[in-house]
A.B. asks: 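Have a look at the structure that comes next, please.
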Amino acid sequence: MQHVSQAPVTTPDAEPAPPEPRAFSEVKGWFSAYDQVLFDWFLNRQNDTPEASGDILELGAFLGKSAIFLAGYLREGEEFTVCDLFDSPAPDDFNLAEMRDSYPTLTRRGFETNYLAFHPSLPTVIQAPTSVVADRVRPGSCRFVHVDASHLHEHVVQDIASSRLVATPDAVVVFDDYRAAHCPGVAAAVWAAVAGEGLRVIAVSASKLYATWGDPLPQQSALLAWLEGRTDLWHGVDVVAGHPLVRIGDEGVVAPPAPKLLRAPAEPVAAPPAAPRPARPVSWRRLAKDLLPPLLTRAIVARRRRRRG
């Protein structure tokens with residue numbers, strides 16, 4: 001069931017269409033191999049658990065790298081919703097500055113071109129500030145929520161509140177940049193929710209915090225059992241705000257199989273061959289020098305001189 005209407009594309013028609021990616025690795029974005037492995041584990045665990053039903057939601061899509069990945073885990077009857085400003089006007093001056101400085105190449109057309117290279121149809125797209133999500137996505141409908149939108153503190157606070165409203169009881173809610181030096185507002189908002197609002201951390205990677213608004217212990221126990229058998233990921237357990245969380249680090253992990261292109265990439269158009277240069281006319285003297293014996297050549301030259309004289 002589709003519960004959000006798609007917003008119109010706002011990229012100017014005169015802007016040239018971006019080229020289609022020739023592989024998933026060509027889609028620009030920040031999505032490490034070991035976060036791809038963790039996404040894959042959480043989503044496959046949900047898909048193997050019939051009662052873990054629900055939709056998938058992403059707040060902040062950039063050019064679609066994680067959206068393309070997430071869409072591969074949808075089950076029959078589930079919906080994938082993406083919310084991003086793309087190239088719409090920002091709602092305030094601070095957000096406008098953030099968009100201009102951090103995402104100058106972001107357009108909805110770029111997102112759609114990338115996404116449709118891997119999937120036959122677009123997700124439900126809300127082209128608007130993420131503050132509208134709680135009003136447009138059904139409460140308690142999402143089993144997996146990826147929050148990677150604005151880094152401004154007040155916006156992240158709103159995104160955290162929205163994630164709580166739309167999440168199923170045991171949904172996985174993932175926050176990007178929770179510890180990045182250039183995003184202190186994200187750290188302040190996320191850890192405040194952990195300390196005082198009931199957000200429970202399942203695990204953390206270098207870039208993302210994996211949490212739930214429900215009971216994290218079943219997912220933590222299954223995650224620890226899975227990690228015990230891996231040598232390409234290290235892990236440890238810390239206690240924060242009275243609750244355990246799993247720290248996970250990369251020891252050379254390989255990303256899961258990348259999403260496949262729907263069609264073979266177009267071969268690059270070869271440049272037309274250069275037109276042959278016209279041959280330079282050969283003078284009789286050069287021809288004679290190359291082909292005739294020296295004595296005969298000198299006799300011909302002397303004869304031509306006498307005639308001119």
A.B. asks: Between the side chains of R230 and E251, is the shortest nitrogen-to-carboxylate-oxygen separation below 4.0 Å, so that they form an ion pair?
C.D. replies: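 The answer is no: the pair does not qualify as a salt bridge.
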A.B. asks: Rounded at 0.5 Å granularity, tell me how far CG in L199 sits from CG in L209.
C.D. replies: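 It is 7.0 Å, given to the nearest 0.5 Å.
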A.B. asks: Test C83 against every option in V137, V133, D159 by the side chain to side chain contact (heavy atoms under 4.5 Å, CB included) rule and name the one that passes.
C.D. replies: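 The option that passes is V133.
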A.B. asks: Could you tell me whether a side-chain N or O of S150 sits under 3.5 Å from a main-chain N or O of L152, the two making a donor and an acceptor?
C.D. replies: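 At least one qualifying donor-acceptor pair exists.
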A.B. asks: Do D40 and Y73 get their side chains close enough for a donor-acceptor pair, meaning under 3.5 Å?
C.D. replies: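 Yes.
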A.B. asks: Regarding E78 and S53, is there a side-chain donor-to-acceptor distance under 3.5 Å anywhere?
C.D. replies: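 E78 vs S53: no donor-acceptor pair found between side chains.
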A.B. asks: Measure the shortest side-chain to side-chain distance between W226 and R45 over non-hydrogen atoms and say whether it is less than 4.5 angstrom.
C.D. replies: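 Heavy-atom side-chain distance check fails, nothing below 4.5 Å.
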A.B. asks: Give a yes or no answer on whether the side chain of T107 reaches the backbone of G110 with a donor-acceptor pair at less than 3.5 Å.
C.D. replies: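 Side chain of T107 to backbone of G110: a pair is present.
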A.B. asks: Between Q36 and A255, is there a donor-acceptor pair closer than 3.5 Å when you use the side chain of the first and the backbone of the second?
C.D. replies: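 It does not hold such a pair.
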A.B. asks: Give, for atom OH of Y115 and atom CG of L122, the distance between the pair rounded to the nearest 0.5 Å.
C.D. replies: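 Y115 atom OH to L122 atom CG measures 7.5 Å (nearest 0.5 Å).
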A.B. asks: Indicate yes or no: at least one non-hydrogen side-chain atom of I248 is less than 4.5 angstrom from one of L38.
C.D. replies: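 When only atoms from C-beta onward are counted, L38 and I248 do touch, with a gap below 4.5 Å.
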A.B. asks: Can you name the residues that form a ring-ring contact (aromatic ring centres under 6.0 Å, His included) with F144, not counting sequence neighbours?
C.D. replies: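 By the ring-ring contact (aromatic ring centres under 6.0 Å, His included) rule, F144 matches F39.
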A.B. asks: Decide side chain to side chain contact (heavy atoms under 4.5 Å, CB included) for I56 and L74; before the verdict, give the C-alpha distance in whole Å, the side-chain angles of both, and the deciding distance to 0.1 Å.
C.D. replies: CA-CA 8 Å; I56 298 177; L74 285 171; 3.9 Å; yes
A.B. asks: Residues two or more places apart in sequence or in another chain: which of them pass salt bridge (Lys or Arg N to Asp or Glu O under 4.0 Å) with D176?
C.D. replies: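 With sequence neighbours excluded, D176 shows a salt bridge (Lys or Arg N to Asp or Glu O under 4.0 Å) to K208, given in chain and number order.
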A.B. asks: If you group Ile, Leu, Val, Met, Phe, Trp and Tyr by side-chain heavy-atom gaps below 4.5 Å, do L262 and L70 land in one group?
C.D. replies: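 Cluster IDs for L262 and L70 differ.
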A.B. asks: With rounding to the nearest 0.5 angstrom, report the OG1 to CZ distance, T168 to R143.
C.D. replies: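 Output value for this atom pair is 9.0 Å.
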A.B. asks: Test the K65-F24 pair against the cation-pi criterion, namely NZ or CZ under 6.0 angstrom from the six-membered ring centroid and within 45° of the ring axis.
C.D. replies: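 The answer is yes; both the distance and angle limits are met.
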A.B. asks: If you count heavy atoms of other groups shown closer than 6.0 angstrom to CZ of R179, is the number above 12?
C.D. replies: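 No, not enclosed.
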A.B. asks: Just so I know, are the side chains of L59 and D84 near enough to count as touching, which here means a heavy-atom distance under 4.5 Å?
C.D. replies: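 Side-chain contact under 4.5 Å: no.
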A.B. asks: Sequence neighbours left out, what pairs pass side-chain hydrogen bond (donor to acceptor under 3.5 Å, both in side chains) with at least one residue falling in residues 181-200?
C.D. replies: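 Applying side-chain hydrogen bond (donor to acceptor under 3.5 Å, both in side chains) to every pair that reaches into residues 181-200, excluding sequence neighbours, yields R200-H243.
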A.B. asks: For H151 and D177, what are the C-alpha separation, side-chain angles and deciding distance, and is it a side chain to side chain contact (heavy atoms under 4.5 Å, CB included)?
C.D. replies: CA-CA 8 Å; H151 298 140; D177 287 328; 2.9 Å; yes
A.B. asks: Within a strict 4.5 Å, meaning less than it, do heavy atoms of the H235 and R247 side chains meet?
C.D. replies: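 No, side chains not in contact.
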A.B. asks: Going by heavy atoms in the side chains, are F118 and V27 under 4.5 Å from each other?
C.D. replies: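 The answer is yes, as the side chains (C-beta and beyond) meet within the 4.5 Å cut-off.
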A.B. asks: Under 4.5 Å between any side-chain heavy atoms of Y210 and P216, yes or no?
C.D. replies: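 Y210 does not reach P216 side chain to side chain.
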A.B. asks: Please walk me through it: do C183 and Y178 pass side chain to side chain contact (heavy atoms under 4.5 Å, CB included)?
C.D. replies: CA-CA 7 Å; C183 306; Y178 76 100; over 6 Å; no
A.B. asks: For E79, is there any backbone N or O sitting under 3.5 Å from a side-chain donor or acceptor partner on D55?
C.D. replies: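 Checking the backbone N and O of E79 against the side chain of D55, a donor-acceptor pair under 3.5 Å is found.
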A.B. asks: Do L245 and L217 belong to the same hydrophobic cluster, where Ile, Leu, Val, Met, Phe, Trp and Tyr are linked whenever their side-chain heavy atoms lie under 4.5 Å apart, directly or via other members?
C.D. replies: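 L245 does not cluster with L217.
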A.B. asks: Answer whether the closest heavy-atom distance between the side chains of H146 and L57 falls below 4.5 Å.
C.D. replies: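 When only atoms from C-beta onward are counted, L57 and H146 do not touch, as no gap falls below 4.5 Å.
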A.B. asks: Of all heavy-atom pairs between P244 and Q220, which one has the smallest distance, and what is that distance?
C.D. replies: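 Where P244 meets Q220 most closely, the heavy atoms are O-NE2, 2.7 Å.
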A.B. asks: When you measure from the side chain of Q158 to the backbone of T130, do you find a donor-acceptor pair of N or O atoms at a distance under 3.5 Å?
C.D. replies: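 No.
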A.B. asks: From I126 CD1 over to L85 CG, what is the distance, rounded to the nearest 0.5 angstrom?
C.D. replies: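 Going from the CD1 atom of I126 to the CG atom of L85 covers 11.5 Å.
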A.B. asks: Applying side chain to side chain contact (heavy atoms under 4.5 Å, CB included) between V201 and each of V190, T212, V194, report the one that passes.
C.D. replies: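 Single pass found, and it is V194.
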A.B. asks: What residues form a ring-ring contact (aromatic ring centres under 6.0 Å, His included) with W234, not counting sequence neighbours?
C.D. replies: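 Applying ring-ring contact (aromatic ring centres under 6.0 Å, His included) to W234 gives none.
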A.B. asks: Looking at residues at least two apart in the chain, or sitting in another chain, which of them share a salt bridge (Lys or Arg N to Asp or Glu O under 4.0 Å) with D215?
C.D. replies: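 Salt bridge (Lys or Arg N to Asp or Glu O under 4.0 Å) list for D215, sorted by chain: empty.
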A.B. asks: Within the 3.5 Å criterion, strictly below it, is a donor on S66 or W30 matched to an acceptor on the partner's side chain?
C.D. replies: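 Checked: S66/W30 side chains show no N/O donor-acceptor pair below 3.5 Å.
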A.B. asks: So, do E26 and E20 sit near enough that their side-chain heavy atoms are less than 4.5 Å apart?
C.D. replies: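 Not touching, per the 4.5 Å side-chain cut-off.
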A.B. asks: Just verifying a value: how many Å separate F69 CZ and F31 CZ, rounded to the nearest 0.5 Å?
C.D. replies: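 Those atoms lie 5.0 Å apart.
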A.B. asks: Check I68 against N114 and note the closest heavy-atom contact, atom names and distance.
C.D. replies: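 I68 and N114 have their closest heavy atoms at CD1-O, 3.7 Å.
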A.B. asks: In the single-linkage hydrophobic clustering (I, L, V, M, F, W, Y; side-chain heavy atoms under 4.5 Å), do W213 and V157 co-cluster?
C.D. replies: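 They do not share one cluster, since no chain of ILVMFWY contacts under 4.5 Å joins W213 to V157.
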A.B. asks: Kindly give the heavy-atom pair with the smallest separation between R263 and A117, and that separation in Å.
C.D. replies: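 Shortest heavy-atom contact: NH2-CA, 4.0 Å.
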A.B. asks: What's the verdict on side chain to side chain contact (heavy atoms under 4.5 Å, CB included) for L224 and V246, showing C-alpha distance, side-chain angles and the deciding distance?
C.D. replies: CA-CA 8 Å; L224 285 168; V246 182; 3.9 Å; yes
A.B. asks: Just how far is it from atom OH of Y34 to atom OG of S207, taken to the nearest 0.5 Å?
C.D. replies: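 Y34 atom OH to S207 atom OG measures 6.0 Å (nearest 0.5 Å).
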A.B. asks: Quick check: closest heavy atoms across F62 and K28, and the distance to 0.1 Å?
C.D. replies: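 For F62 versus K28, the nearest heavy atoms are CD2-O, 3.8 Å.
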A.B. asks: Please name the pair of heavy atoms, one in F80 and one in P123, separated by the smallest distance, quoted to 0.1 Å.
C.D. replies: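 Minimum heavy-atom separation between F80 and P123: O-CB, 3.3 Å.
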A.B. asks: Between the side chains of R109 and E112, is the shortest nitrogen-to-carboxylate-oxygen separation below 4.0 Å, so that they form an ion pair?
C.D. replies: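 No.
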A.B. asks: Distance alone, cut at 3.5 Å: any donor-acceptor contact between the side chains of D35 and S32?
C.D. replies: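 A pair is found: one side chain offers a donor N or O, the other an acceptor, under 3.5 Å apart.
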A.B. asks: Over all heavy atoms of both residues, which pair between L165 and A134 is shortest? Give the atoms and the distance, please.
C.D. replies: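 Smallest heavy-atom distance, with atoms named: CD1-CB, 3.8 Å.
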A.B. asks: Report the residues that fulfil ring-ring contact (aromatic ring centres under 6.0 Å, His included) with H153, sequence neighbours left out, ordered by chain and then residue number.
C.D. replies: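 H153 satisfies ring-ring contact (aromatic ring centres under 6.0 Å, His included) with no residue once adjacent residues are dropped.
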